[in-house]
Amino acid sequence: MPGRKFADGEVVMGRWPGSVLYYEVQVTSYDDVAHLYTVKYKDGTELALKESDIRSQSSFKHRKSQSSSSSPSRRSSSRSRSRSRSPGRPARGRRRSASQSREHKDDKKKIIQETSLALAVLVLFKPSENNTKRYNGEPESTEKNDTSCIILEQKLKPDLEIKRVLEHYSLRSRKDDKKTEEIFSEKKTFLAVKPVEKVPSKTKELEFGGRIGTFILILLLPATVFYLLLMCKQDDPSLLNFPSLPALESLWEWRVFGVFLLWFFLQAMFYLLPIGKVVEGLPLSNGRKLQYRINGCYAFLLTAAAIGALLYFQFELHYLYDHFMQFAVSAAAFSLALSIYLYVRSLKAPEEDLAPGGNSGYFIYDFFTGHELNPRIGSFDLKYFCELRPGLIGWLVINLAMLLAEMKIHNLSMPSLSMILVNSFQLLYVVDALWNEEAILTTMDITHDGFGFMLAFGDLVWVPFVYSLQAFYLVGHPTTITWPVAAAITVLNCVGYYIFRSANSQKNNFRRNPADPKLANLKFIPTATGKGLLVTGWWGFVRHPNYLGDIIMALAWSLPCGFNHILPYFYVIYFICLLVHREARDEHHCKQKYGLAWERYCQRVPYRIFPYIY
Ligand code: NDP
C-alpha cells in the first residue's frame, strides 16, 4: 500500500496529541488527502493522527521486557534509561544520569508542564472497571497495570509533585481552593494544548436511517407540513378526519412567491448591514475561525418597524393567513432550490470545508444532512443567516398575522387570551434567541451539521409554518381559557424559560471562558481535549437541562389551545421526539470526543433529559 504504513483494523501504539504518551489504538481509516489515520482508543475516543505519531506495538513490547528483567536496584536505573528511550522524548533528557540532580529538578518541572495534559489523561484513562465504578468525583491516585500506559507510569511513579498536580484536576470547587493561582496557571497549560488537527474524513456512521431514511424524510417532511396545514383549516381537525387534497393549481401563486422572495432578500439586506459586533466562531477542524456578524436584534427591530409601517398604511397582514398554504409551498420550493444549489457548490468545496456528518459519499444522504459545513458567498454565511433570520423572525410575523386574522374573522376588539399567550410566549422565545445570537455558534447545527435540505427546509419551512400551528389553529378554533388557567400556564412557561436560558448561558459562558469568576462555584470533569464537562449547576441536574426547559415551554405553548384536539399538541410531541433523538446523536458525538470522561459524566449525572424518568 504505497504512502500508507498501517492498515485498517491494525492495533498499534498512537501518541496522545500534545504529549509523549503512547496508547494502544486501532486504526479505523486513513485519509489519503490529508495523510491522517483515524484511530480509536480503548475508551472509545477517536482522533486523527499523523503517521509519525504512530508506532508498531512490537517496539513497545520489546522495551517492556527489557525493563522487567532488571533487578530492583537496576530497575530504577533501567527506568530512567527506558524513560529516556521512550519515543517522542526530547533529546535533552537522553543522557541524564542520577548525579545530574539540578537538571533532574528542571526536568521534573518540565515533565509536570509537558504532561499536564497527560495527567488529565491518566485520570481519565483508567479503563479498569473497578476504577470506573469506584469513581465518586474525587481524585484517584492509583495507576493502572496496562502496558498501554507504561511510559506514563515510568514518568509518574517517583514524583510526588505530580500527585499534587493530579489533585488539581479534581472536582473540588475552584473557589475554595487555596492554590487558585497555581491551578489556573496549570489549567491554562492544559487548555492551551493545541486541539488535534482533525480533517474531516468520510462519514461512516450514517444517521437518520441512512440513505433510505433520509430519502423518506425528504418526502415525509413536506408532506407533514401540508397535512398539518390542511388539517388546521378543517372545522373538525380530528386525526381520523383526513382532509381532502386541494387542486394543484391552487397551491401556487407567483405573487405569493414574489412576496416570499422579497421577505428573504429584505432579511439578507438587514444581515449585511454593517451594524452589530463581529465575533469569531469556534475553531474549525483546520484551526481556522470564521467571523460572524451579530445583528439579529437589529434585524428584528427593523422588521418590526417595516411591519408597523405596513399596518399604518392599512396593508392587510390578513393576506398571509388567506394564502398560508401558498406561502408554505413557496418556501418549500425555495428551500428545495437552495438545497440543490448548496449540494452542487459543495462538490467543488475543499475537503476540509465539508461537514463531519455529511460526507458519506452517498448523494441522497449528503444532500439531506448537508455536505458543506459553512457555505459562504464572500462573508455571507448562508447557514448562519437562515438559522435565525427569515424563518425565526418570519414565525413571529405569521403569529401576528394570525392574531389579526382572529380579530377580523371573529369580529373581536381584542385578541383572545389564548392567542395573546401563544403570541407572547413565542415572541419571548424568538427574541431570546436573537438576543443570545452568539450562543448559536456553539450549537450542533453550526459546528457539526452541514447545510443541506434538513436545515434549509427546517429553517425556512418547518419553523415558520409548523411552529406557528397553535396560532393558526386558534384562528379557526377559538378556545376560551380563564385567568387562573392563563396564570398557571404562564408560570409553567416561565419555569421552562428559566431552565432553558440559565442552562444554555451556563454552558455557553463556560465554553467561552472556563476561568470566568462567575462560574467559580461550578465543578467540572477535565477531559483530554482541553474542555471540561460541567457536573454541577444545571448540567449536573440532567445531561441536557436546556432540552428539558425547551420541552416545558413547548407544553405551555400548546395548553392555551385547550383539549378538544390533539393537533395543537403536535409541536410538543414532535419536539420531544426531536430532542430525544438529538440528545442521542449528541451523546454519541460526546462519547467519541471525550471517551471515558464522558462515561464518568454519565455516571455522575445519570438522567439525560427528564430527572428520574429518562
Ligand atoms: P446543546 O446546546 O445542548 O449542546 C450540546 C453540546 O454541549 C455537547 O455537544 C457538548 O459540546 C456540550 N456539553 C454537553 N454536556 C456538557 C457539560 N456537562 N458541560 C459542558 N458542555 C457540555 O445542543 P443543541 O445545539 O442541540 O441545542 C442548543 C439549544 O437549542 C437547546 O436549548 C435546544 O433546546 C435548542 N434547540 C431548539 C430547537 C427548536 O427547534 N426549537 C431545535 C434544536 C435545539 P462541546 O463539549 O463540544 O462544547
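Any value given below was found using the heavy atoms of this structure, including those in side chains, with hydrogens, waters and symmetry copies removed. Both ligands and their constituent atoms are indexed starting at 1 by order of listing.
The distance between the ring centers of Tyr571 and Tyr467 falls below 6.0 angstrom. Checked against a 6.0 Å centroid threshold, the rings of Phe270 and Tyr298 do not count as neighbours. Not less than 6.0 angstrom separates the ring centroid of Tyr601 from the ring centroid of Tyr594.
For the residues Tyr594, Tyr574, Tyr547, the heavy atom positioned nearest atom 23 (O) of ligand 1 is part of Tyr547. Scanning His588, Lys507, Met553 for the heavy atom closest to atom 1 (P) of ligand 1 points to Lys507. Here atom 29 (C) of ligand 1 lies nearest to Asn504 when heavy atoms of Ile551, Asn504, Leu533 are compared.
Ring orientation note: the planes of Trp539 and His544 are nearly perpendicular, at an angle over 60° on the 30°/60° scale. Ring planes of Phe208 and Phe368: perpendicular class, angle over 60° (limits at 30 and 60°).
Looking at ligand 1, you won't find any N or O of Thr442 less than 3.5 Å from one of its N or O atoms. Close N/O approach between Leu534 and ligand 1 is found [any backbone or side-chain N/O within under 3.5 Å]. Checking only distances, Asn546 does come within under 3.5 Å of ligand 1, N or O to N or O.
Ion pairing between a basic and an acidic side chain is recognised when a charged N comes within 4.0 Å of a carboxylate O; Arg582 and Asp445 show such pairing. With salt bridges taken as basic N to acidic carboxylate O contacts below 4.0 Å, one links Arg389 and Glu437. Contact check on Arg585 versus Asp449 returns a salt bridge, with a Lys/Arg side-chain nitrogen under 4.0 Å from an Asp/Glu carboxylate oxygen. The residues Asp353 and Arg376 are annotated as not salt-bridged, no charged nitrogen and carboxylate oxygen being separated by less than 4.0 angstrom.
The closest approach between Glu583 and ligand 1 stays at or above 4.0 Å for every heavy atom of the residue. Taking 4.0 Å as the cut-off, His544 counts as a neighbour of ligand 1 on heavy-atom distance. At least one heavy atom of Tyr467 sits less than 4.0 Å from an atom of ligand 1.
By the 6.0 Å contact criterion, CG on Leu220 is enclosed, its count of non-hydrogen atoms from other residues, nucleotides or ligands being greater than 12.
Of all the atoms in ligand 1, the ones that sit under 4.0 Å from a non-hydrogen atom of Phe500 are 32 (O). Of all atoms in ligand 1, listed by their number and element, those nearer than 4.0 Å to a heavy atom of Thr443 are 25 (O), 28 (C). Atoms of ligand 1 found under 4.0 Å from any heavy atom of Tyr601, numbered from 1 in the order shown, are 18 (N). Taking a cut-off of under 4.0 Å to the non-hydrogen atoms of Met444, the atoms of ligand 1 that pass are 25 (O).
Nearest protein neighbour of atom 11 (O) of ligand 1, counting heavy atoms only, is Lys593 NZ, 3.5 Å. Summary of contacts: the protein heavy atom closest to atom 30 (O) of ligand 1 is Asp550 OD2, 4.7 Å. The protein atom (non-hydrogen) at minimum distance from atom 5 (C) of ligand 1 is Asp586 OD2, 3.3 Å.
Distances from atom 47 (O) of ligand 1 to the protein include at least one heavy-atom value under 4.0 Å.
Cation-pi geometry between Arg511 and Phe524 is not met: the NZ or CZ atom fails to fall both under 6.0 Å from the ring centre and inside 45° of the normal.
When heavy-atom distances to ligand 1 are checked against a 4.0 Å cut-off, Cys590 comes that close only through its side chain, counted from C-beta outward. Here Tyr429 has side-chain heavy atoms under 4.0 Å from ligand 1, and that is the only part of it that gets that close.
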